[in-house]
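Lettering follows sequence order; numbering is per chain, from 1. Not measured: the values here are computed from a predicted model.
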Amino acid sequence: MRIATWNVNSVVARLPRLVEWLEQAAPDVVCLQETKVGDDAFPCEAVKPLGYEVEHLGEGRWNGVALLSRAGFADVDRGLPGDPGFPDQATAEARTLAATCGQVRVRSVYVPNGRTPDDPHYAYKLRWLAALREAVAQDSAGSTPFALMGDFNIAPTDADVWDPAAFAGSTHVTKAERDQLAELLATGLSDVTPRIAKGNPFTYWDYRGGNFHKGMGMRIDLVLANAALTERISDAWIDREARKGKGPSDHAPVVVDLSR
DNA sequence: ATGCCTTTCCCAGAAAGA
């Protein structure tokens, strides 16, 4: 079984690249982030011929997460209990959904960006991560193979950014964010580090300034696996080819192969 | 150099991304 996660930065703008990638990579289950469409506008018909059913939690212009599955769906869980919302609890955003697809349970996540450490959005990011931890604890500790996959907007270590000095005072690398990631892992998950391609471990490169070609990226798209899933992993890598060429997302997919 | 690109709203330029 092959599972994957990809922040597509608009599923509508990325549709030709998404379909091409699904045909080539042929994953069984895919977690998508930043679909940027409402539920009625998700292009389900474009992926159905490839064998995929779709579960989507969208809100329109921003955010939006989806699951594509060739292994069916059960126990679909939309959104986050206790979601702090932004700017307040009345306005929860479309940032996570989970489902069981055949033998594995997956949860697609799009963690809030945080903007800057002194921005209210940063405090929201930390609160949202705490709520996420509550939501995944049971799956993390369970005997069903489970993967929490998506755009975490956190670089786990300084080796996961192209230049730690360039991120001084920025979000994505602060101790509080990394502490939240550690708390998430402490529920029973491990960070599945993909094979290194071309000397760096990155999954995201800013569109500006030719950053991709200069190797100026970050590893912020993660697969966090529980023990039952970890023992089935046969391979994991970052599909850099999807970041090349015409009209790419600024993120590359992370792909994980399971032995059964 | 607080920018550099891309997307959405929808037709002008702001907001957001990270």
Side-chain angles (χ1 to χ4, degrees), chain A residues 5-18 21 32-43 56-66 85-87 91-96 108-129 132 149-178 180-181 200-222 238 240 242-254:
Chain A
T5 181
W6 193 10
N7 179 325
V8 289
N9 185 18
S10 170
V11 72
V12 172
R14 213 64 55 218
L15 193 56
R17 295 296 302 255
L18 175 62
W21 180 77
L32 299 178
Q33 300 85 37
E34 285 207 86
T35 58
K36 296 187 173 178
V37 289
D39 288 332
D40 56 353
F42 192 98
H56 181 236
L57 179 67
E59 66 179 66
R61 184 173 186 178
W62 303 114
N63 310 313
V65 283
F86 189 79
T91 50
E93 300 179 310
R95 293 186 178 275
T96 184
S108 182
V109 286
Y110 177 48
V111 174
N113 174 292
R115 299 177 187 167
T116 60
D118 59 352
D119 193 292
H121 205 259
Y122 177 82
Y124 162 59
K125 180 179 193 174
L126 299 179
R127 288 197 301 274
W128 196 91
L129 285 161
L132 177 65
M149 322 171 71
D151 179 357
F152 284 75
N153 275 318
I154 300 171
T157 73
D158 282 353
D160 296 310
V161 297
W162 64 275
D163 179 9
F167 289 86
S170 298
T171 58
H172 295 61
V173 299
T174 67
K175 182 175 189 304
E177 290 165 283
R178 287 174 172 167
Q180 280 296 335
L181 182 61
N200 69 56
F202 307 139
T203 65
Y204 161 85
W205 300 261
D206 197 303
Y207 284 123
R208 292 171 287 189
N211 277 16
F212 177 68
H213 300 286
K214 295 175 185 171
M216 296 162 64
M218 312 170 76
R219 186 172 76 95
I220 54 176
D221 299 272
L222 308 177
I238 297 156
R240 296 170 56 93
R243 182 62 179 80
K244 301 177 183 176
K246 182 177 170 57
S249 171
D250 43 3
H251 295 251
V254 181

Participant: Within the 4.0 Å heavy-atom criterion, would you say A:D206 contacts the bases, only the backbone, or no part of the nucleic acid?
Facilitator: nothing
Participant: Distance only, no hydrogens: is a donor on one side chain within 3.5 Å (strictly under) of an acceptor on the other, for A:Y204 and A:N9?
Facilitator: no
Participant: Run the ring-centre check on A:W6 versus A:W21 and record whether the distance is less than 6.0 Å.
Facilitator: yes
Participant: With sequence neighbours excluded, tell me which residues meet side-chain contact (heavy atoms from CB on, under 4.5 Å) with A:P164.
Facilitator: A:D158, A:V161
Participant: Want to settle it: does A:K36 or A:W62 sit nearer the 5' end of DNA chain B, counting the closest nucleotide to each?
Facilitator: A:K36
Participant: Restricting to non-hydrogen atoms, name the atom on A:T5 and the atom on A:G150 that form the minimum distance, rounded to 0.1 Å.
Facilitator: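 Nearest heavy atoms, A:T5 then A:G150: OG1-CA, 3.3 Å.
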Participant: Which residues in residues 113-123 of chain A have at least one heavy atom lying under 4.0 Å from any atom of DNA chain B?
Facilitator: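 Close to the strand are A:N113, A:R115, A:H121.
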Participant: Determine the Euclidean distance between corresponding P atoms of B:dA18 and B:dT7; express it in Å to zero decimal places.
Facilitator: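 Going atom to atom, P in each nucleotide, I get 14 Å.
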Participant: Rounded to whole angstrom, note down the P distance from B:dA14 over to B:dG3.
Facilitator: 14 Å
Participant: Touch check for A:D151, heavy atoms < 4.0 angstrom, all strands: base, sugar-phosphate only, or nothing?
Facilitator: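 Here A:D151 touches the backbone only, sparing every base.
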Participant: Can you tell me, in whole Å, how much space there is between the P of B:dC10 and that of B:dA16?
Facilitator: 16 Å
Participant: If every non-hydrogen atom of A:H172 is compared with every non-hydrogen atom of A:N113, which pair is closest and at what distance?
Facilitator: CE1-O, 3.5 Å
Participant: So A:T171, base contact, sugar-phosphate only, or nothing? Heavy-atom distance under 4.0 Å.
Facilitator: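 Answer is nothing: A:T171 stays at 4.0 Å or more from every strand.
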Participant: Contact boundaries of DNA chain B with chain A (under 4.0 Å, heavy atoms), 5' to 3'?
Facilitator: B:dC4 to B:dA18
Participant: On DNA chain B, does the nearest nucleotide to A:M218 precede the nearest nucleotide to A:Y207 from the 5' side, or the other way round? Give the residue.
Facilitator: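 The residue mapped nearer the 5' terminus is A:Y207.
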Participant: With P as the reference atom in both, quote the distance from B:dG13 to B:dC4 in angstrom, rounded to an integer.
Facilitator: 16 Å
Participant: Backbone N or O of A:N7 within a donor-acceptor pair of the A:S249 side chain at under 3.5 Å?
Facilitator: yes
Participant: Indicate, with a heavy-atom threshold strictly under 4.0 Å, whether A:N7 touches base, sugar-phosphate, or nothing.
Facilitator: sugar-phosphate
Participant: Between A:H121 and A:F86, does the ring centroid distance fall short of 6.0 Å?
Facilitator: yes
Participant: Once you apply a heavy-atom cut-off of 4.0 Å, does A:Y204 come out as touching a base, just sugar-phosphate, or nothing?
Facilitator: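 Counting heavy atoms under 4.0 Å across all strands, the contact made by A:Y204 is with sugar-phosphate only.
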Participant: Are a donor atom and an acceptor atom from the side chains of A:S108 and A:Q33 found within less than 3.5 Å of each other?
Facilitator: yes
Participant: Taking atom NZ of A:K175 as the centre, does the number of heavy atoms from other residues, nucleotides or ligands within less than 6.0 Å exceed 12?
Facilitator: no
